[in-house]
Amino acid sequence: MSNANDLINNAIKNHNPFEGRFVVTTHNVWGQGFPDVPSLNAHASDAVYEAIEKVRNKQRQVVGITITAERGLGKSHVISRIRHRLQIDGSALFVYMSQCNDLNRITTEFLSTLANSLKQIGSQGVSQWQELATALVNEAYKKNYAPQQLVNQFRGNLAKNPKIIEVFRDTVLGIKPDIENPDILTAILWTLSPDPAYEVFAIRWLSGHHLPQSKADAMGLANISAKDKEAESFNTVRQILDLISDYKPIVVCFDEMENNTCNELGYTAQQVTAIFAKDLYDKIKRGVLLTCIFPDSWRDEVKRLPNAASVVDRIGQKVIDLKHLNSDEVVALVSGWLEDFYQEKGLTPPHRVYPFDEDKLRALGKERPIVRKVLQWCAENFKPLEDDGNIETVKRKDPVEPVYNQQLAALETTIQDYMEDKASLAQALRLGFSAVIGETIEKVQIEEIKDVKARAVDKGFIDFKVIGKENGKAVKIGVAVLQDSGGRIVGATLKRLIDYKKFDLTRGCLVRSKQINKGAAQAQQCLSELLSKNLGGEWVLLKSEDIKPLLALHFVMKGREDYELSEQQILDFIRSKRIAIDNYLIREILSDPSGEVPEDAVDEESNQGVVNTPVVSNIEEVSIDIF
């Protein structure tokens, strides 16, 4: 065997580019995408590009496109291609929603999705929020600054006088008189701040979350009460989309919105999504609505809605079916992935599909496979060609391991996106506990994980309870993940967490990364009761490094049908790798309560980094040096 072949076969032996990568995730849509073969399902992506151009040229105001495709046919690959194309050419901003934890509050969840999508990097090397903020300032002042220039200019001017944000807002309001809530403009302009803390708080406010009051006051933003949140969310969504539409079209994509639940009116996830997309269509000024759905869901659920005609006429103006692969496309797909692999390794293979046999790939293509099946086949058959028996047989990994490693690696850069996501955090913790049922940890033998029985007014506060035995006595630990900053929601959660009798608990456990505002009287009183010797409750400090592996497992479990993994396989993997049993959060929730407030809890009310606002008698006295 030649030295070149040795290098190639050793590279193949040590790294399988297909393993655990046959499913496109949210991380791949936003971050580094998979190798793309533009010819595959080009009719779908081309239809979206064409719609964007029609909107840009004012031939159309809004275009509704629905992609129907069975699982694994490549719709998420198409979406990833569209997103990365827009990131390069800047022809539109991009919003991507791939889950809804509460179908009764899809508007609120979409607002959060919108805010988080726009914080992703756009075509100008800054966030899409900063692109929008720059466009607003440039129009108001008849300038042509690049976003990074404006951010750099803010550094000095903001330090001199934070009132500059007010000046900008009022000037922008002069050209945007239809904006009902000026705070939306204030928050968007704060994303230009060179201080990451201000940008983070601005985006958190734009996503509908409460800010610590000191930060809200410093930034000139009014917190919305929890009871008004859902009602205000759609107004905020509409106003943000209107602002964007003045500068660029927006592509809003709904993908993987399938789950097994219904809302309180009995509508499925696909139906709720379709109705919401129809409402967006009616309100958006300029854009493309892209809805991805299974063919049977489109036929049996969306088209059978009471108002089906109005929904289909809007979101299904163009319905596109994705196609199964033929032999040429199978070869193109595999060779495209291998080209990336060999380029990364600096190697030149003997032929374009090495180590595979092109005839075998073409035979596979005659079966008209889906994209996922081809990539799975490649993952299973990617191994060096034997030469005189010198190449060892490649050991097959646990099928869950590469998928878990992929999710874990993606979270290295995206973990902060989930630290405010109560639903995902709670589901990740619950999965961890489900994997240790039957085990004895910190002297507690875990028997069952259950929902808390609660009336409608009490639902959503305590996430689940862990039932077991400790020294022969029954243990029922109520677990509440609580990352909100608002004193009312914190107080309301703690009030329920200390009501052991009502919710059938023996112990309450708060999981939280942040300090609780000392001025929130009810919350502080309830916290004192929780941590008292009488109740024996616990505050377990939430840290990203501890929740990260559980979140990765949660995403694997959520996508198990796509990965063709069973729930049992995933639970077995968690147990064999001791991911849950050795996890700090799991062990700390079960351990004897310390009764203390964690010392390392984040102090969001701290004024560290907050620029003191000088007294200005007249807003017009503020000098705008950059203009």
Side-chain angles (χ1 to χ4, degrees), residues 62 64-68 71 95-115 207-209 224-241 252-284 289-317 319 421-424 426-427 430 450-464 484 489 492 496 558 561:
V62 186
I65 298 175
T66 291
I67 293 179
T68 61
R71 192 182 300 278
V95 174
Y96 179 69
M97 186 171 191
S98 64
Q99 66 173 349
C100 182
N101 292 307
D102 186 349
L103 295 176
N104 296 307
R105 300 174 70 245
I106 189 171
T107 303
T108 299
E109 294 212 13
F110 179 77
L111 176 59
S112 181
T113 292
L114 174 63
S207 70
H209 291 295
I224 297 171
S225 67
K227 67 177 181 179
D228 296 331
K229 193 172 181 180
E230 181 72 7
E232 287 296 321
S233 290
F234 197 84
N235 285 334
T236 304
V237 165
R238 178 180 51 79
Q239 291 176 75
I240 291 171
L241 294 180
V252 179
C253 177
F254 296 97
D255 182 32
E256 298 179 354
M257 297 293 284
E258 308 88 9
N259 62 40
N260 296 322
T261 61
C262 294
N263 71 358
E264 58 193 12
L265 299 176
Y267 290 133
T268 66
Q270 293 88 339
Q271 291 174 321
V272 171
T273 302
I275 293 168
F276 181 74
K278 176 258 182 190
D279 292 341
L280 270 186
Y281 183 101
D282 289 338
K283 296 295 183 182
I284 197 170
L289 289 176
L290 180 60
T291 306
C292 297
I293 194 168
F294 294 149
D296 55 349
S297 297
W298 178 250
R299 181 187 65 245
D300 300 335
E301 296 180 38
V302 176
K303 286 192 169 184
R304 292 186 179 179
L305 281 166
N307 57 339
S310 63
V311 174
V312 172
D313 287 348
R314 287 165 175 78
I315 71 171
Q317 290 174 331
V319 179
D421 186 348
K422 173 184 171 72
S424 292
Q427 288 162 9
R430 184 171 187 149
K450 289 182 65 175
D451 288 327
V452 172
K453 289 184 179 179
R455 297 176 303 161
V457 70
D458 295 318
K459 285 185 177 178
F461 291 98
I462 302 175
D463 294 295
F464 58 88
D484 291 82
I489 188 69
R496 277 126 177 125
K558 203 167 102 174
E561 289 186 28

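These values consider heavy atoms only, across backbone and side chains, with no hydrogens, waters or symmetry-generated copies.
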Identify the heavy atoms of [X] and [Y] that sit nearest to each other, and give their distance.
X    : Y    : value
Y96  : T113 : O-CG2, 3.1 Å
L280 : F234 : CD2-CE1, 4.3 Å
I315 : A277 : CG2-CB, 3.7 Å
Q270 : S297 : NE2-OG, 3.5 Å
S98  : M257 : C-SD, 3.8 Å
R496 : A492 : NH1-O, 3.1 Å

Give me each pair satisfying salt bridge (Lys or Arg N to Asp or Glu O under 4.0 Å) with a member in residues 95-115, each pair once, sequence neighbours excluded.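 Qualifying pairs, neighbours excluded: none.
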
Taking Q317 for the side chain and G64 for the main chain, is one N or O donor matched with an acceptor at less than 3.5 Å?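 Answer holds: yes.
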
Please confirm whether the backbone N or O of F254 pairs with a side-chain atom of T291, one donor and one acceptor, at under 3.5 Å?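 Pair absent, no side-chain N/O of T291 close to backbone of F254.
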
[atom1]/[X] to [atom2]/[Y] distance, rounded to the nearest 0.5 angstrom?
X    : Y    : atom1 : atom2 : value
R314 : T66  : CZ    : OG1   : 13.0 Å
D451 : I462 : CG    : CD1   : 11.5 Å
K558 : Q99  : NZ    : CD    : 3.0 Å
T273 : I293 : OG1   : CD1   : 7.5 Å
F110 : T236 : CZ    : OG1   : 12.0 Å
L290 : M97  : CG    : CE    : 14.5 Å

Between V237 and K283, does the side chain to side chain contact (heavy atoms under 4.5 Å, CB included) criterion hold? Intermediate values first, please. CA-CA 10 Å; V237 165; K283 296 295 183 182; over 6 Å; no

Just so I know, are the side chains of L241 and L114 near enough to count as touching, which here means a heavy-atom distance under 4.5 Å?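 Counting from C-beta outward, L241 and L114 do come under 4.5 Å.
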
With S233, which of T107, I106, I224 fulfils side-chain contact (heavy atoms from CB on, under 4.5 Å)?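 Per the side-chain contact (heavy atoms from CB on, under 4.5 Å) rule, the option paired with S233 is T107, out of T107, I106, I224.
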
Under the side chain to side chain contact (heavy atoms under 4.5 Å, CB included) rule, what do L305 and Y267 come out as? Steps first, then yes or no, please. CA-CA 9 Å; L305 281 166; Y267 290 133; 3.8 Å; yes

Taking it one step at a time, do L111 and I240 satisfy side chain to side chain contact (heavy atoms under 4.5 Å, CB included)? CA-CA 10 Å; L111 176 59; I240 291 171; 4.2 Å; yes

Salt bridge or not for R299 and D296, using N-O below 4.0 Å?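 Salt bridge flag = no for D296 with R299.
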
Among all residues two or more places apart in sequence or in another chain, which pass the salt bridge (charged side-chain N to carboxylate O under 4.0 Å, His left out) test with D463?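 Expected list: K422.
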
